[in-house]
Amino acid sequence: MRQHMLNGWLVAALIALVCLLGITAYMEVSKDLLRVACIRDPKVIDKKAAQQMNCSTACCNTTAVSA
């Protein structure tokens, strides 16, 4: 019975870890999308992204292109 409970906690911890990694990856990609869109064509930024950070700010804040 104790082993079954420990396995349950292990599965829960693994699921939580995967969720945190997914959230982190999503946030990094969403930040980078605005920068890439601004570098390629400043007109492609939609209104929602423009409200958060305008294109000139996004372009000025990026000094080096990430690989």
Side-chain angles (χ1 to χ4, degrees):
M1 185 65 160
R2 202 178 318 164
Q3 184 68 37
H4 182 67
M5 189 188 309
L6 289 174
N7 286 344
W9 281 106
L10 179 62
V11 169
L14 288 173
I15 291 172
L17 179 64
V18 169
C19 288
L20 287 173
L21 288 173
I23 290 169
T24 304
Y26 174 77
M27 293 190 62
E28 290 297 318
V29 168
S30 65
K31 282 195 288 187
D32 202 39
L33 282 177
L34 180 62
R35 184 187 63 81
V36 170
C38 184
I39 289 171
R40 287 187 175 260
D41 186 9
K43 297 176 185 174
V44 299
I45 295 178
D46 61 350
K47 292 179 183 178
K48 183 178 178 185
Q51 289 173 355
Q52 289 179 336
M53 179 188 315
N54 64 14
C55 186
S56 62
T57 306
C59 291
C60 292
N61 287 340
T62 58
T63 57
V65 177
S66 59

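Here the structure is a predicted model, which is why all the values come from computation and not from measurement.
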Can you name the side chain to side chain contact (heavy atoms under 4.5 Å, CB included) partners of Ile15, sequence neighbours left out? Val11, Cys19
Hydrophobic cluster of Val29, others only, ordered by chain and residue number, side-chain cut-off 4.5 Å: Leu33
I need the full list of salt bridge (Lys or Arg N to Asp or Glu O under 4.0 Å) pairs touching residues 11-30, with sequence neighbours left out, sorted by first then second residue. Glu28-Lys31
Return each pair, listed once, that meets salt bridge (Lys or Arg N to Asp or Glu O under 4.0 Å) where at least one residue sits in residues 13-22; pairs must be two or more places apart or across chains. none
Side chain to side chain donor-acceptor pair (under 3.5 Å) pairs, two or more places apart, involving residues 5-20: Gln3-Asn7
Other ILVMFWY residues reachable from Leu21 by side-chain steps of under 4.5 Å: Leu17
